[in-house]
Engineer: 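Okay, handing you the structure first.
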Amino acid sequence: MRLSRYFLPVLKENPAEAQIVSHRLMLRAGMIKQQAAGIYSWLPLGYKVLRRVETIVHEEQQRAGHIPLLMPTLQPADLWRESGRYDDYGQEMLRIRDRQDREMLYGPTNEEMITDIFRSHVASYRDLPLTLYHIQWKFRDELRPRFGVMRGREFLMKDGYTFDVDREAAMHAYNRHMVSYLRTYERMGLTAIPMRAASGPIGGDDTHEFLVLAPTGESEVFYDEAVTTLRLGNRQIDYDDRAAVAEICAEFTRLYARTDETHDPALFAAIPETQRKVGRGIEVGQIFYFGTKYSAPMGATITNAAGERVAVHMGSHGIGVSRLLGAIIEASHDDRGIIWPEGVTPFHAAIVNLKPGDAAADAACETIYGLLRERGLEPLYDDRDARAGEKFATMDLIGLPWRITVGPRGLAGGKVELTSRRTGDSEEMSPEAAVARVAEIYAGS
RNA sequence: CGGGGCGUAGCGCAGUCUGGUAGCGCAUCUGCUUUGGGAGCAGAGGGCCGGAGGUUCGAAUCCUCUCGCCCCGACCA
C-alpha cells in the first residue's frame, strides 16, 4: 500500500477523552473512531489488525478441531425465556422490539441459540464430541463503557460451545480450549496467563480466565513469577490425545496464578518470596465448563450408549477479539507509539522514501516494494512529499515492526537502512538484503 | 446507578465568574524557502459557541429543561 493513497487519519495531539495508552494510541494512529459511548468504527488500519487477530483465532480454533459457523446478532427473546436468563440478565442486555412488536435482543452471548441449534439436529452420542464456534459482534449495554475497545458496549468475540456425552469428555474439551488459547495468544506476541476464576453470570463449575499482564488491567492478579516464563513454543500438539492435552494444561496451571476474586493468601504465601508477584491484568479470554445448565432446561438431550436419554454436557469458551487489540497495545508500546508484534502487524514493513522525486530513491523504493510483495508481504510505502521527521513519527506511531529507510545519502553507497521498531537498532545493507532479512523474519510466523 | 467534570473551527484549548455579537496553537489551502526525527516566512478559508425555551435593547456568557461525552466508584468479557 502506498501511503499517499491510503486512508490513515493520524492525530498529532492526544484526544481529550482517551485516558489509557491503548485507547489514545488507537485514536492517534487512526485505527478507530468513536461513534457513541463504547461503540466504534474500525478505520482501515484498525480493521486490518482486527482481521489479523481474527484470522489467528480462526486458524487456531480449526487446528484444534473446532467448527466455525455464524449466528445472528439479533435473537428472539423467547429463546432466553427458556433458560431463564431473559429476566436474569438485567439492564446489560439490549432489548429491542421489531415492527410486529416481537421482543428481540442484541445478543450478549449465544448459549441459548447454540443449544437450540444442537437440540434441533443432534440426538445421539455417536455425533459427539462437537465443538461449534463463531466470531460475531456482541452487545452488552455497559453502564460505563471505557478504555476504548477494551470495554466497549459493542465488541467482537469468539465464542465456542462444546457438547459432550459426559463430564470427563467435556473436561477434555475444556483442556483443548485452554491449549488452543495459549497457542493463539502466543502467536499474537502476548503472554496470557490462565488463572482460576470465579464463574460470574454465565455460570460454571470450572473456569479459567486468561490475563495479559499490564499496569492498566482491570483485575488485580497474584502469581508466581515463574508462570510468566512458560511457553508452548512450536511443540507438536495432538488435540485428540486427552492425556497429552491435560498434561500441557497442568504445566500451565500448576503454578499459582489467580485474580483477586479467587485469591488465596495462604497458598500465595507458600511461594518463595522473590517469586511472589502482585500486578494487574487484562482479561482476554475465559473458558467454562457448566455441565447441563442450559441443556437441561432447554431439552438438549442425547441418547447415550446405554440407550438412556441424558442432557448433554456443555461448556462455553470465549476470546475477546476486539479487546485483544487494546491488550496487545497495552503490552507493547513506548512513548512514541505502538509496537506491533510480527504476528498481528497491519503491514509487515514500512518503506520510508526520504526524498520522493529523487530518481534513485524512487527507483529503490519501488524495487523494495515490489520484492516484498513478491514474497507475499505487505509493505506500507510512505511516498508522500513530507519531511523525514514526520514520516518517522507516523511510522513510529502506527508501530510497524520493521522500517526500511531509503535516501540519497545511503543510496550513494548502495545501501538502505533496516530499523527495528522495538529496539531502535539500525543496520545498513543493500535493498535486496533488507528484503531478504524481512522475509526471513516473517518466515516463521 | 451514586459522585464529579466537560460540550466553542477537523484536533487541543482560551473566552463564561463580571452579557456588548468569537480567539489562540496544530491541521487544511496558496506562494516562496527548506528537506535524515512532527520545518520557516507570508497570505487564505473554516465555527447559527451541543439543542430547545426563557431573561435582556443585546446571550458562548445569566436562568430552566434537554441531549451527548469523559473521570472516580459500584458493575462487567
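In what follows, every chain begins at residue 1, and chains take the letters A, B, ... in the order their sequences are listed. Fair warning: this is a prediction, and the values are worked out from it, not measured in the lab.
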Engineer: What is the distance, to the nearest angstrom, from the CE atom on M157(A) to the C1' atom on rC76(B)?
Structural biologist: 12 Å

Engineer: Counting only Watson-Crick pairs (N1-N3 plus N6-O4 or O6-N4) and G-U wobbles (N1-O2, O6-N3), all under 3.5 Å, who is the partner of rC32(B)?
Structural biologist: rG40(B)

Engineer: Between the base of rC76(B) and the side chain of R151(A), is there any donor-acceptor pair under 3.5 Å?
Structural biologist: yes

Engineer: Could you encode protein contacts along nucleotides 4-12 of chain B as a string, one character per nucleotide from 5' to 3', using B for base contact, S for sugar-phosphate-only contact and - for no contact, with a heavy-atom cut-off of under 4.0 Å?
Structural biologist: -------BS

Engineer: Using the C1' atoms only, state how far rC26(B) lies from rA9(B), rounded to an integer number of Å.
Structural biologist: 12 Å

Engineer: For the side chain of E142(A), counting heavy atoms from C-beta on, which of rC70(B), rC76(B), rG38(B) is nearest?
Structural biologist: rC76(B)

Engineer: To the nearest 0.5 Å, tell me how far H66(A) NE2 sits from S180(A) OG.
Structural biologist: 5.5 Å

Engineer: Classify the nucleic acid contact of G407(A) as base, sugar-phosphate or nothing, counting any heavy atom under 4.0 Å across all strands shown.
Structural biologist: base

Engineer: Start at the 5' end of RNA chain B and walk down; is the nucleotide closest to S322(A) or to I20(A) reached first?
Structural biologist: I20(A)

Engineer: Q91(A) side chain N/O closer than 4.0 Å to the phosphate oxygens (OP1, OP2) of rC76(B)?
Structural biologist: no

Engineer: Could you tell me the separation between the CG atom of D358(A) and the P atom of rG36(B), rounded to a whole number of Å?
Structural biologist: 13 Å

Engineer: Looking at E103(A) and R97(A), is there a salt bridge between them, counting it only when a charged N and a carboxylate O are closer than 4.0 Å?
Structural biologist: yes

Engineer: Go ahead and name the base partner of rA52(B); Watson-Crick or wobble counts if both distances stay under 3.5 Å, otherwise write none.
Structural biologist: rU64(B)

Engineer: With C1' as the reference atom in both, quote the distance from rU8(B) to rC24(B) in angstrom, rounded to an integer.
Structural biologist: 12 Å

Engineer: With a distance cut-off below 6.0 Å to the six-membered ring centre and an angular limit of 45° from the axis, does R323(A) pair with F147(A) as a cation-pi contact?
Structural biologist: no

Engineer: Closest approach to the side chain of L143(A), judged atom by atom: which nucleotide of rC70(B), rC1(B), rG73(B) is it?
Structural biologist: rC1(B)

Engineer: Verify side chain to side chain contact (heavy atoms under 4.5 Å, CB included) between L94(A) and L105(A), making sure each step is shown before the conclusion.
Structural biologist: CA-CA 6 Å; L94(A) 181 64; L105(A) 57 98; over 6 Å; no

Engineer: Ring of Y381(A), cation from R2(A) - is the NZ or CZ under 6.0 Å from the centre and inside 45° of the axis?
Structural biologist: no

Engineer: With heavy atoms under 4.0 Å as the rule, sort E209(A) into base, sugar-phosphate or nothing.
Structural biologist: nothing

Engineer: Rounded to the nearest Å, what distance is computed from the NZ atom of residue K355(A) to the C1' atom of nucleotide rG37(B)?
Structural biologist: 17 Å

Engineer: Does one side chain, of N353(A) or D362(A), offer a donor that lies under 3.5 Å from an acceptor on the other?
Structural biologist: yes

Engineer: Over how many whole Å does the gap from R28(A) atom CZ to rA27(B) atom P extend?
Structural biologist: 13 Å

Engineer: Do the side-chain N or O atoms of R144(A) get closer than 4.0 angstrom to the phosphate oxygens (OP1, OP2) of rC72(B)?
Structural biologist: yes

Engineer: Under 4.0 Å, heavy atom to any atom of RNA chain B: which of residues 383-405 of chain A qualify?
Structural biologist: R387(A), A388(A), G389(A), E390(A), F392(A), A393(A), T394(A), D396(A), R403(A), T405(A)

Engineer: Are OP1 or OP2 of rA27(B) and a side-chain N or O of K12(A) less than 4.0 angstrom apart?
Structural biologist: yes

Engineer: Which one is paired to rC24(B), where only Watson-Crick or G-U wobble pairs with both distances under 3.5 angstrom count?
Structural biologist: rG12(B)

Engineer: Taking side-chain contact (heavy atoms from CB on, under 4.5 Å) as the test, write out the residues that go with R63(A), two or more places apart.
Structural biologist: E60(A), R183(A), R187(A), Y239(A)

Engineer: Round to the nearest Å and state the distance from Q35(A) atom CD to rC69(B) atom P.
Structural biologist: 11 Å

Engineer: What integer distance in Å separates R24(A):CZ from rC71(B):P?
Structural biologist: 12 Å

Engineer: Strictly below 4.0 Å, N to O, side chains only: are R258(A) and E220(A) in salt-bridge contact?
Structural biologist: no

Engineer: Rounded to whole Å, how long is the line connecting atom CG of D335(A) with atom P of rG38(B)?
Structural biologist: 15 Å

Engineer: Want to settle it: does G38(A) or M150(A) sit nearer the 5' end of RNA chain B, counting the closest nucleotide to each?
Structural biologist: G38(A)

Engineer: Across the strands shown, which category fits G285(A) at heavy-atom distances under 4.0 angstrom: base, sugar-phosphate, nothing?
Structural biologist: nothing

Engineer: Classify the nucleic acid contact of G424(A) as base, sugar-phosphate or nothing, counting any heavy atom under 4.0 Å across all strands shown.
Structural biologist: nothing

Engineer: Is R153(A) salt-bridged to E92(A), cutoff N-O under 4.0 Å?
Structural biologist: no

Engineer: To the nearest Å, give me how far apart CG (D382(A)) and P (rG38(B)) are.
Structural biologist: 15 Å

Engineer: Quiz question: by atom type and distance under 3.5 Å, do the side chains of R51(A) and Y47(A) form a donor-acceptor pair?
Structural biologist: yes

Engineer: Quick one about Y106(A) and R95(A) (side-chain donor to acceptor, distance below 3.5 Å, no hydrogens or angles considered), yes or no?
Structural biologist: no

